[in-house]
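The basis for the numbers below is simple: all heavy atoms, side chains too, and nothing from hydrogens, waters or symmetry mates.
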Amino acid sequence: MRNLYIFLISILCFVCPAHGQDKPIFHIPQLGKSIYEGVFTGNGLLGTMTYLKSSQSVHIDIGRTDVYDHREKSRDKLFDKARLSLGHFFINFDVHIDSIGGDIFLQQAFSQANIKTSAGMLHIKTTTLSEDNIILIEVNKNAYRGNYSFEWCADTAMSPRMKFGYTQKPIHYVRNPEGISGNSKSISFYNQELSAGGGYATVYKKVIGRDKDVYVVSVGYDQANINYLQETIDYVDHFDSQDIIKGLKKHENWWRNYYNASSLFLPDKVYQQFYDMQLYKLASATRANKPAMDLQGPWTSPTPWPAYWMNLNMQLAYSPVFTANHLDIASSLIRMIDRNVSNLRENVPAAYRYNSIAIGRSSASDLWSPVLLEKGVSIVDASDGEKELGNLLWLLHSYYSYYRYSMREEVYDRLFPLLKEAVNYYLHLLEKNESGKYHVAVKTYSPEYRYGYAYDTNYDLAILRWGLKSLIELDHEKNKKDPLYDRWVDILDNLIDFPQGEDGYLIAKDVPYGESHRHYSHLMMIYPFYYINWDQKGNRALIERSIAHWQSKNQYLQGYSFTGAASMYAMMGNGDAALTSLDNLLKFYIKKNTLYAESGAVIETPLAAMTSIQELCLQYWNGKLRIFPAVPTAWKDISFERFLTDGAFLVSATRKNGITKTVEIESQHTGTIKVESGISKPMIVIKGRGKYEIGLDGIIVFTLNKGSRALVYEKK
């Protein structure tokens with residue numbers, strides 16, 4: 001039996017080679033004059049974006065993800081606590097640029113601009129080192145006979161929202177002091193002090209080589225310590241040629257290990273390249289020991305969104321990391337939540353702070369963003385974001401996934417009280433209606449519908465149901481019998497139904513979906529919570545009607561409207577409809593380099609599309625793992641390796657000519673999982689300790705000890 005298992009695994013491994021062995025280069029034939037047409041790098045803290053500036057100049061943006069203003073808390077947090085843009089380098093030539101293309105080398109994690117001029121070819125390579133606070137900009141001039149100059153141009157240290165005419169600006173916005181340029185030895189710097197204390201500095205030096213010049217760049221930042229400038233100058237000064245060699249080696253090793261965590265092989269080259277780019281983008285934007293990614297990552301441009309957005313964007317941005325087996329990436333979000341619990345508590349009205357937490361629509365990394373909902377208190381003058389009740393509870397869905405995909409005890413111990421306190425805020429606002437059903441007794445806001453300020457929004461009811469259900473399940477898991485357990489069960493059993501009409505689900509009680517709405521806040525019981533799902537045959541017509549009605553009003557649909565629809569179609573098992581939705585996204589919304597824009601650069605939508613692609617191949621909901629549940633008809637051969645799922649199981653599978661051939665499940669934590677393998681006559685081999693049962697419906701129930709593996713393959 002053991003030899004048979006080894007033989008079968010060898011076949012599986014042959015079909016699914018380690019990800020990254022033949023990573024493609026992402027090629028842009030002609031770089032444009034915007035962030036959406038450039039080539040980029042990042043290490044989760046620093047980043048670069050290279051694109052054309054003029055007929056004789058190339059522009060290289062420099063970003064650092066944690067550089068935020070940090071003034072006193074005020075309702076103008078998008079101005080007083082905004083993300084700040086650093087600036088860019090200009091590389092100016094004494095001849096005209098005839099053409100400029102770009103490449104991102106995904107496996108080695110560097111970008112290169114290839115510039116053709118009358119004076120010959122010149123290549124500009126940028127690498128943001130993975131384990132050093134260093135950016136390398138290499139100007140390869142061995143085939144270039146002209147001259148060039150290299151100069152820093154700093155951006156003004158003010159909220160980017162000041163540059164947009166339609167934003168409501170504070171009456172008195174105090175600007176930060178002007179920055180100062182300077183030199184120390186062979187080091188150049190630009191120092192920007194902040195009115196609130198501390199500041200940031202861009203520091204660089206030039207290392208002259210025979211055929212190329214290398215610019216070593218770093219960015220220092222501190223909210224209090226004024227020594228950040230000298231410390232960064234010293235850091236760059238001592239970073240020599242040997243450090244560069246060592247840094248590049250560590251950089252390559254880091255990315256190799258990153259790509260080996262999981263793999264997906266698609267028969268469609270466009271979607272394969274798109275998926276690989278999102279995987280690259282995730283680790284460029286954030287990492288385990290780096291700040292959580294906001295809406296920009298390390299790539300800045302004029303934007304009205306210089307913050308973290310909590311009513312969809314953060315949730316979507318982190319959504320693909322779990323299946324991709326990158327809990328390391330997810331941990332940046334988890335750490336940000338953990339260290340700001342006091343502000344989450346301060347976000348609720350004073351009467352509820354003893355046991356409740358919440359967050360409004362947007363915040364800096366400190367998560368300070370009040371929610372002003374209080375029973376019996378008028379909040380007419382509040383912003384829409386201050387009336388959104390469910391944002392934190394939805395954000396904790398990512399925390400819940402982090403626990404369920406890792407099954408780590410210490411994560412459970414932190415998650416449970418957070419989830420409980422987020423639900424507690426709802427409990428303060430519930431009361432029974434005339435039918436004896438619980439409902440939310442204050443008006444709340446359903447993101448981001450114009451008439452979404454109403455009673456009993458589907459946004460709140462879906463999120464609350466998920467929170468209650470999760471608390472009950474978590475309580476069962478540890479046999480806690482929490483003092484609030486009976487109340488959770490009572491509310492879940494007696495919560496009012498989701499408001500619906502003849503066209504499907506409404507926005508809220510007495511508020512129909514009457515005009516185009518980009519957000520699927522009224523459909524979250526379908527996705528991502530699967531409370532209403534395709535297994536419930538009596539709900540299928542309602543699901544179809546609701547999605548169709550939402551998508552039929554297309555005037556204000558945006559990119560994530562199509563990722564949401566794709567994921568809902570995937571839940572229905574309709575891979576062709578899901579692919580059509582993703583096709584519309586890629587054709588009309590995704591930019592040349594796979595970035596995305598709504599008034600300014602935002603990061604979440606392409607990453608949400610990565611999740612939708614994963615869901616064509618693997619889904620877990622309603623207590624069941626589904627292998628290849630929604631593969632488009634045209635995708636005959638497809639495979640994935642080491643995808644992660646609920647219960648900390650790693651899953652690999654292959655599909656040939658439209659037929660699932662093999663499924664492998666590896667347990668990282670002793671547990672049970674139900675699997676819909678898609679193999680009609682399965683043969684099963686278990687290595688290690690475990691057992692299985694096959695039900696009449698073909699569902700295989702595995703119970704596997706930690707470290708055990710099960711292989712399901714087609715009987716010949």
Looking only at side-chain N and O atoms, does [Y] offer a donor or acceptor that is under 3.5 Å from a partner on [X]?
X: Asp338; Y: Tyr399; result: yes
X: Tyr449; Y: Glu515; result: no
X: Glu598; Y: Tyr596; result: yes
X: Tyr318; Y: Ser332; result: yes
X: Asn458; Y: Tyr520; result: no
X: Thr594; Y: Lys281; result: yes
X: Ser319; Y: Thr611; result: yes
X: Thr563; Y: Ser612; result: no

Taking NZ, NE, NH1 and NH2 as the nitrogens, is one of them in [X] or [Y] under 4.0 Å from a carboxylate oxygen of the other?
X: Glu410; Y: Arg414; result: no
X: Arg404; Y: Asp646; result: yes
X: Asp535; Y: Arg626; result: yes
X: Asp366; Y: Arg339; result: no

Calculate, to the nearest 0.5 Å, the distance between atoms [atom1] and [atom2] belonging to [X] and [Y] respectively.
X: Arg450; Y: Asp384; atom1: CZ; atom2: CG; answer: 12.0 Å
X: Asn313; Y: Met293; atom1: CG; atom2: CE; answer: 11.0 Å
X: Phe498; Y: Tyr459; atom1: CZ; atom2: OH; answer: 14.0 Å
X: Lys443; Y: Ser378; atom1: NZ; atom2: OG; answer: 10.0 Å
X: Asn424; Y: Arg487; atom1: CG; atom2: CZ; answer: 8.0 Å
X: Gln551; Y: Tyr569; atom1: CD; atom2: OH; answer: 5.0 Å

Within a 6.0 Å radius of atom [atom1] on [X], are there more than 12 heavy atoms belonging to other residues, nucleotides or ligands?
X: Lys537; atom1: NZ; value: no
X: Lys73; atom1: NZ; value: yes
X: Lys375; atom1: NZ; value: yes
X: Glu431; atom1: CD; value: yes
X: Lys624; atom1: NZ; value: yes

So which heavy atom on [X] is nearest to which on [Y], and how close?
X: Tyr445; Y: Pro447; answer: O-CD, 3.5 Å
X: Ser470; Y: Leu419; answer: CB-CD2, 3.9 Å
X: Asn347; Y: Ala358; answer: ND2-O, 2.9 Å
X: Ser369; Y: Ser362; answer: OG-O, 2.7 Å
X: Trp550; Y: Ser561; answer: CH2-O, 3.1 Å
X: Val440; Y: Tyr455; answer: O-CD2, 3.8 Å

Under 3.5 Å, side chain of [X] to main-chain N/O of [Y], donor-acceptor pair present?
X: Tyr412; Y: Leu474; answer: yes
X: Arg335; Y: Lys290; answer: yes
X: Thr65; Y: Gly297; answer: no
X: Asn705; Y: Thr670; answer: no
X: Ser356; Y: Arg353; answer: no
X: Arg518; Y: Tyr560; answer: no
X: Ser516; Y: Lys553; answer: yes
X: Gln315; Y: Met310; answer: yes
X: His522; Y: Tyr513; answer: no
X: Ser331; Y: Asp328; answer: yes

Ring pair (Phe, Tyr, Trp, His ring centres under 6.0 Å) partner of Trp466, chosen from Tyr531, Tyr400, Trp621:
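Of Tyr531, Tyr400, Trp621, ring pair (Phe, Tyr, Trp, His ring centres under 6.0 Å) with Trp466 is met by Tyr400 alone.
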
Side chains of [X] and [Y] in contact at under 4.5 Å (non-hydrogen atoms):
X: Asn533; Y: Asn539; result: no
X: Met407; Y: Glu477; result: yes
X: Asp482; Y: Trp488; result: yes
X: Trp368; Y: Asn340; result: no

Picking from Asn355, Val348, Leu373, what satisfies side chain to side chain contact (heavy atoms under 4.5 Å, CB included) with His428?
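Per the side chain to side chain contact (heavy atoms under 4.5 Å, CB included) rule, the option paired with His428 is Asn355, out of Asn355, Val348, Leu373.
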
Does Lys480 count as lying over the ring of Phe416, i.e. NZ or CZ under 6.0 Å from the six-ring centre, within 45 degrees of the axis?
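Satisfied, under 6.0 Å and within 45°.
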
Can the ring centres of [X] and [Y] be said to be less than 6.0 Å apart?
X: Phe628; Y: Phe640; result: yes
X: His476; Y: Tyr485; result: yes
X: Tyr527; Y: Tyr530; result: yes

Classify the angle between the aromatic ring planes of Tyr589 and Phe562 as parallel (below 30°), tilted (30 to 60°) or perpendicular (above 60°).
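It falls in the tilted class, 30° to 60°.
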
Under 30°, 30 to 60°, or over 60°: which ring-plane class applies to His519 and His517, parallel, tilted or perpendicular?
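Parallel: the ring planes of His519 and His517 meet at under 30°.
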
Which one of Lys509, His439, Lys437 satisfies the side chain to side chain donor-acceptor pair (under 3.5 Å) criterion with Asp456?
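Of all the options given, the one that passes is His439.
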
Walk me through it: do Lys469 and Glu473 pass the test salt bridge (Lys or Arg N to Asp or Glu O under 4.0 Å)?
CA-CA 6 Å; Lys469 182 174 179 287; Glu473 290 174 353; 2.8 Å; yes

